[in-house]
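Right, one structure below, let's go through it.
The figures that follow rest on heavy atoms only: side chains count, while hydrogens, waters and symmetry mates do not. In the text below, chain A, chain B and the rest are named by the order of the sequence lines, each starting its count at 1.
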There are 2 protein chains.
Amino acid sequence: MAVHDAMDVLSGKWKIAIISSVCYNNKRRFSDILNDVGGISNKMLSKELKDLEINKLITRNVLDTQPITVQYQLTEYGLTLKSIIDKLADWGTGHRKVIIGK
Amino acid sequence: MAVHDAMDVLSGKWKIAIISSVCYNNKRRFSDILNDVGGISNKMLSKELKDLEINKLITRNVLDTQPITVQYQLTEYGLTLKSIIDKLADWGTGHRKVIIGK
DNA sequence: CGGCATCCTTCTGGATACTG
DNA sequence: CAGTATCCAGAAGGATGCCG
């Protein structure tokens with residue numbers, strides 16, 4: 001089932017928040033994402049970023065600064081997820097009203 | 001973050017597949033869904049259906065047959081998820097080609 | 001048939017410390 | 001700064017059996 005292929009990529013607690021962070025800011029460093037995504041640990045961020053890179057949704061770029069900084073960026077392909085994430089966000093907003101009433 | 005509200009509802013390994021099964025067939029019995037969604041256990045199906053009912057995405061209807069049958073159906077509200085699921089399916093299909101090449 | 005209860009395994013992810 | 005390594009708790013989920 002095709003949906004499953006998509007959900008696999010977005011699975012876990014953090015992927016969508018990470019994508020949102022990188023997407024919204026165009027380029028984003030590791031520690032920036034760590035701040036954007038409240039509550040995530042560096043271990044999880046590292047792991048999720050690796051997953052996203054494997055799935056060709058983001059690129060990793062090591063800058064030759066002292067100390068090193070690493071920039072992440074959505075690929076063109078990763079950007080194709082944007083409309084879906086927007087739709088999810090819309091639906092989530094509506095859902096909150098329906099269920100939680102806030 | 002609104003996306004999180006949506007993902008909460010769709011979290012876990014099975015929800016989207018279950019919704020798809022019910023959605024595609026309009027009305028669907030417990031054991032039918034059990035067959036549609038390959039690999040799910042009755043325990044999980046039971047639990048996930050409960051979650052979906054709590055979130056007002058599906059209705060549960062006990063038919064007075066012998067033995068009992070139970071029909072599940074998407075609510076109007078649940079149907080609003082269809083376009084998102086379709087989009088996810090589309091994207092998943094494309095993704096499979098990009099990553100797995102099949 | 002449509003579950004619920006129980007047990008058990010696996011996976012997820014948090015905390016902390018350490019490295020180049 | 002950007003990770004990696006380790007340890008560990010809790011959640012998710014599978015297998016099986018029972019029950020109205």
Side-chain angles (χ1 to χ4, degrees), chain A residues 1 3-22 25-55 57-74, chain B residues 1 3-22 25-55 57-74:
Chain A
M1 187 174 297
V3 176
H4 179 260
D5 294 327
M7 291 313 284
D8 247 22
V9 176
L10 303 178
S11 68
K13 197 171 168 180
W14 306 107
K15 295 228 175 60
I16 293 201
I18 294 171
I19 294 174
S20 298
S21 162
V22 177
N25 296 284
N26 186 27
K27 294 182 180 176
R28 209 66 178 148
R29 291 185 313 154
F30 188 89
S31 49
D32 292 331
I33 305 175
L34 207 54
N35 279 314
D36 291 342
V37 181
I40 196 171
S41 65
N42 54 354
K43 169 183 145 186
M44 285 310 297
L45 180 54
S46 172
K47 193 203 132 218
E48 301 284 69
L49 284 170
K50 242 182 246 170
D51 285 354
L52 293 173
E53 204 189 346
I54 288 174
N55 282 306
L57 298 180
I58 60 168
T59 53
R60 197 181 98 111
N61 215 301
V62 181
L63 303 186
D64 199 6
T65 52
Q66 194 51 248
I68 274 177
T69 55
V70 180
Q71 285 211 333
Y72 292 91
Q73 189 169 189
L74 282 196
Chain B
M1 188 173 296
V3 176
H4 179 259
D5 294 326
M7 291 313 285
D8 247 21
V9 176
L10 304 178
S11 68
K13 198 171 167 179
W14 305 108
K15 294 227 174 61
I16 294 202
I18 294 172
I19 294 175
S20 298
S21 163
V22 177
N25 297 283
N26 187 27
K27 294 182 180 176
R28 209 67 178 147
R29 292 185 314 154
F30 188 89
S31 48
D32 292 331
I33 306 175
L34 207 52
N35 279 313
D36 291 343
V37 182
I40 194 171
S41 64
N42 56 353
K43 170 184 145 186
M44 283 312 296
L45 179 54
S46 173
K47 193 205 133 217
E48 301 284 70
L49 284 170
K50 239 182 247 169
D51 285 355
L52 293 173
E53 204 189 346
I54 289 173
N55 281 306
L57 297 181
I58 60 168
T59 54
R60 198 181 97 110
N61 215 301
V62 181
L63 303 185
D64 200 5
T65 52
Q66 194 50 248
I68 274 178
T69 54
V70 180
Q71 286 211 333
Y72 291 91
Q73 189 170 189
L74 282 197

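For the segment residues 7-21 of chain A, residues with any heavy atom less than 4.0 angstrom from an atom of DNA chain C are, sorted by number, A/Gly12, A/Lys13, A/Trp14.
The side chain of A/Ser46 places an N or O atom within less than 4.0 Å of a non-bridging phosphate oxygen (OP1 or OP2) of D/dT4. Between A/Ser31 and D/dA2, a side-chain N or O to OP1/OP2 separation shorter than 4.0 Å is present. Contact annotation: B/Arg60 side-chain N/O to C/dG2 OP1/OP2 distance is not under 4.0 Å. One finds a side-chain N or O of B/Tyr72 lying less than 4.0 angstrom from the OP1 or OP2 phosphate oxygen of C/dG3.
Annotation for A/Arg60 and A/Val70: closest pair CG-CG1, 3.5 Å, computed over non-hydrogen atoms. Counting all heavy atoms, side chain and backbone alike, B/Asn42 lies closest to B/Phe30 at O-CZ, 3.8 Å.
We find that CE of A/Met44 is positioned 16 Å from P of D/dA5, with the value rounded to whole Å. Distance A/Lys47 NZ to C/dC11 C1': 9 Å, rounded to the nearest Å. Put simply, CD1 on B/Ile33 is 13 Å from C1' on C/dG3, counting in whole angstrom units. Atoms CG (A/Asn61) and P (D/dA2) sit 12 Å apart, rounded to a whole Å. Distance CG (A/Leu34) to P (D/dC1): 10 Å, rounded to an integer number of Å. Going from atom CG of B/Asp64 over to atom P of C/dC1 covers 17 Å, rounded to whole Å. To the nearest angstrom, P of C/dC1 lies 14 Å from CZ of B/Arg28. For A/Leu45 and D/dC1, the CG to P distance is 14 Å, given to the nearest whole Å.
To the nearest 0.5 Å, atoms CD (B/Glu48) and CD (B/Glu53) are separated by 13.5 Å. Rounding to the nearest 0.5 Å places CG of A/Leu74 at 12.5 Å from NZ of A/Lys27. The NZ atom of B/Lys13 sits 9.5 Å away from the CG atom of A/Asp8 when rounded to the nearest 0.5 Å. Between A/Lys15 atom NZ and A/Met7 atom CE the span is 10.5 Å, to the nearest 0.5 Å.
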Could you list the donor-acceptor pairs under 3.5 angstrom formed by side chains in residues 31-41 of chain B, with sequence neighbours left out?
residue	atom	partner	partner atom	Å
B/Asp32	OD2	B/Arg29	N	3.4
B/Asp32	OD2	B/Arg29	NE	3.4
B/Asn35	ND2	B/Ser31	O	3.1
B/Asp36	OD1	B/Arg28	NH2	3.1
B/Asp36	OD2	B/Ser21	OG	2.6
B/Asp36	OD2	B/Arg28	NE	2.8
B/Asp36	OD2	B/Arg28	NH2	3.3
B/Ser41	OG	B/Met44	N	3.3

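Using a 4.5 Å cut-off on side-chain heavy atoms (C-beta onward), A/Leu63 and A/Gln71 make contact.
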Using a 4.0 Å cut-off on protein heavy atoms (strictly under), produce a 5'-to-3' string for nucleotides 15-20 of chain D with B for base contact, S for backbone-only sugar-phosphate contact, and - for none. BBB---

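One N or O on the side chain of B/Ser20 and one on the backbone of B/Ile16 form a donor-acceptor pair closer than 3.5 Å.
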